[in-house]
Amino acid sequence: MTELAAVELHVIDLPAEQGSHDQLPLVVIHGLLGSADNWRSHLKVWQQTRRVIAVDLRNHGRSPHVEGMSYKAMSQDVLAVLDKLSIERAHVLGHSMGGKVAITLARVAPERCASLVVADIAPVAYQHGHDDVFAALERVKTGKPTNRREADALLAEHVDSRPTRLFLATNLVRNDEGSMSVRVGLDEIQRGYEAIIGVPDGEGAFDGPTLVLRGADSHYVSDDMLPALREMLPKARVVTLKEAGHWLHADQPAAFQQAVEVFIAAQF
């Protein structure tokens, strides 16, 4: 399979509540080592007003493991989901790595993107910053823990932060041998890491309505990155959520949900 061959992604597709079927759908794209499952509480809230689709990106969640983690490839996977579900236009939300996927989708297929919500990421290249996380997951792979407590102890050999370990543990499943295994395509992700920390793909700017949400306690969208952000997303409105870090949707769920819903509701 070549890098640009679309992968059939695992999808959570929730219909709109009764009386809300005239609204455009919202597509939600998780970040690195996340999954659609992490967003279920948010999906139920947004489902009250519109259809909501959340995807597992390639090498994540329940989606296939394949080579190639370029943003063009991942955005093509999401576009294939829209095609399969006969969705011509949608609001697109992406967090972290998923935000770069969303930006790429909006640049390569602007006619499919009614509006864009980017959560705590800028369209710039970042430095390496996940070596400890990858080492922790590799330790679980080799350690073959029999339960989550043992898995947490192995993760703790490389990651001190318990919230981070709890997030990583969402990628653990029990295998046929009875031990906890890592369900992400860790090898493929590590081989594609240079693309992941790079800039979104596509050409030109996305001139559609855009909301950028950033955490006040996060360094991922610093003020010095705003010129590059506005060059690629000229209509971006930047909103900072107080008492929130990089996982701002988990730190301030109600404020995050409301910000997204108010922004999308204002688009006609």
Output yes when a side-chain donor or acceptor of R112 lies under 3.5 Å from a complementary backbone atom of A90, and no otherwise. no
Compare every heavy atom of D56 with every heavy atom of G61, then report the nearest pair and how far apart it is. CA-OD2, 3.5 Å
For the atom pair CG (L137) and CG (L172), what is the distance rounded to the nearest 0.5 Å? 7.0 Å
Kindly give the heavy-atom pair with the smallest separation between I121 and V221, and that separation in Å. N-CG2, 3.3 Å
Mark yes or no for whether H42, through its side chain, and H249, through its backbone, hold a donor-acceptor pair below 3.5 Å. yes
Shortest non-hydrogen contact from L116 to A106? CD2-CB, 4.1 Å
Indicate if V199 and V212 have the same hydrophobic cluster label, given that clusters are the connected sets of ILVMFWY residues with side-chain heavy-atom separations under 4.5 angstrom. no
Please assess D77 against K72 for the test salt bridge (charged side-chain N to carboxylate O under 4.0 Å, His left out), listing each intermediate value before the final yes or no. CA-CA 9 Å; D77 295 342; K72 186 173 184 181; over 6 Å; no
Test your reading of the model: is there a side-chain donor-acceptor pair from H95 to the backbone of H246, 3.5 Å cut-off? yes
Can you tell if the side chain of W39 reaches within under 4.5 Å of the side chain of V52, non-hydrogen atoms only? no
Taking C-beta and beyond as the side chain, do L93 and I29 meet within less than 4.5 Å on heavy atoms? no
For R162 and D152, what are the C-alpha separation, side-chain angles and deciding distance, and is it a salt bridge (charged side-chain N to carboxylate O under 4.0 Å, His left out)? CA-CA 9 Å; R162 178 157 174 77; D152 184 68; 3.6 Å; yes
Decide side chain to side chain contact (heavy atoms under 4.5 Å, CB included) for E194 and H128; before the verdict, give the C-alpha distance in whole Å, the side-chain angles of both, and the deciding distance to 0.1 Å. CA-CA 8 Å; E194 290 297 328; H128 285 248; 2.6 Å; yes
Heavy atoms from other residues, nucleotides or ligands near NZ of K141 exceed 12 (cutoff 6.0 Å): yes
Let me see the working for S115 and V92 under side chain to side chain contact (heavy atoms under 4.5 Å, CB included), right down to the final yes or no. CA-CA 6 Å; S115 74; V92 182; over 6 Å; no
Does the side chain of L33 reach to within under 4.5 Å of the side chain of V184, using non-hydrogen atoms? yes
Scan side-chain atoms only and decide if S218 and D120 contain a donor-acceptor pair under the 3.5 Å cut-off. yes
Donor-acceptor side-chain pairing of E188 and H65 below 3.5 angstrom: no
Which pair of heavy atoms, one from D201 and one from T104, lies closest together, and at what distance? N-OG1, 3.1 Å
Donor-acceptor check, side chain of R58 to backbone of E67, threshold 3.5 angstrom: yes or no? yes
Taking only residues two or more places apart in sequence, or in another chain, which ones meet D37 in a side-chain contact (heavy atoms from CB on, under 4.5 Å)? I12, S35, R40, R62, R183
Using the salt bridge (Lys or Arg N to Asp or Glu O under 4.0 Å) criterion, which residues pair with K144? Sequence neighbours excluded. none
Considering only heavy atoms from C-beta outward, does the side chain of V81 approach that of L79 to under 4.5 Å? no
Hey, would you say the H158 and F134 ring centroids sit under 6.0 Å apart? no
Donor-acceptor pairs are to be reported for all side-chain atoms of residues 232-240 against protein atoms at under 3.5 Å, with residues two or more places apart or in another chain.
{"from": "K235", "atom 1": "NZ", "to": "D207", "atom 2": "O", "distance (Å)": "3.3"}
{"from": "T240", "atom 1": "OG1", "to": "R214", "atom 2": "NE", "distance (Å)": "2.8"}

Would you say that H130 contacts Y193 through its side chain, given a criterion of any heavy-atom pair below 4.5 Å between the two side chains? yes
Is there a side-chain contact between W247 and S96 in this structure, where contact means two heavy atoms from C-beta onward sitting under 4.5 Å apart? no
Taking atom CG of D217 and atom CG of D251, what is their separation to the nearest 0.5 Å? 8.0 Å
ILVMFWY cluster, L85 and V101 together (side-chain gap under 4.5 Å): yes
Does N59 use its side chain to pair, donor to acceptor, with the backbone of I189 at less than 3.5 Å? no
Dump the intermediate steps for side-chain hydrogen bond (donor to acceptor under 3.5 Å, both in side chains) on H10 and S63, then the final yes or no. CA-CA 5 Å; H10 175 263; S63 287; 5.7 Å; no
Strictly by modelled atom types, are Q190 and E138 linked by a side-chain donor-acceptor pair under 3.5 Å? yes
With no hydrogens and no angle check, is any side-chain donor or acceptor of H91 less than 3.5 Å from a backbone partner on P25? no
Can a donor-acceptor pair be found, under 3.5 Å and without considering hydrogens, that links the side chain of E17 to the backbone of R50? no
Can you name the residues that form a side-chain contact (heavy atoms from CB on, under 4.5 Å) with E157, not counting sequence neighbours? R139, L154
Taking atom CD of E111 as the centre, does the number of heavy atoms from other residues, nucleotides or ligands within less than 6.0 Å exceed 12? yes
Nearest-0.5 Å distance, CD1 of residue I87 to CG of residue L82: 5.5 Å
Would you please test D132 and D160 for side chain to side chain contact (heavy atoms under 4.5 Å, CB included) and show each step? CA-CA 10 Å; D132 56 342; D160 293 332; over 6 Å; no
Any side-chain heavy-atom pair from I53 and L26 closer than 4.5 angstrom? no
From CG (L14) to CD (Q48), nearest 0.5 Å: 11.5 Å
Please test R191 against M69 for side chain to side chain contact (heavy atoms under 4.5 Å, CB included), starting from the C-alpha separation and ending with a verdict. CA-CA 8 Å; R191 285 194 288 270; M69 291 294 293; over 6 Å; no
Using the side-chain contact (heavy atoms from CB on, under 4.5 Å) criterion, which residues pair with E150? Sequence neighbours excluded. P145, T146, N147
Side-chain donor-acceptor pair present, E261, T49, cut-off under 3.5 Å: yes
How close do V140 and L155 get, counting heavy atoms only, and between which atoms? CG2-CD2, 3.6 Å
Check whether any side-chain heavy atom of V173 lies under 4.5 Å from a side-chain heavy atom of S181, and answer yes or no. yes
Least distance between heavy atoms, P200 atom then P123 atom: CD-CA, 3.7 Å
For the backbone of I196 and the side chain of Y71, can you confirm whether one donor and one acceptor N or O come within less than 3.5 Å of each other? yes
Please check this pair: side chain of K100 against backbone of V124, looking for a donor-acceptor N/O pair closer than 3.5 Å. yes
Is the side chain of R51 donor-acceptor paired with the backbone N or O of D13 at a distance under 3.5 Å, no angle test? no
Under the rule for side-chain contact (heavy atoms from CB on, under 4.5 Å), what residues qualify as partners of A259, not counting sequence neighbours? L213
W46 vs F256 aromatic rings, parallel, tilted or perpendicular, using cut-offs 30° and 60°? tilted
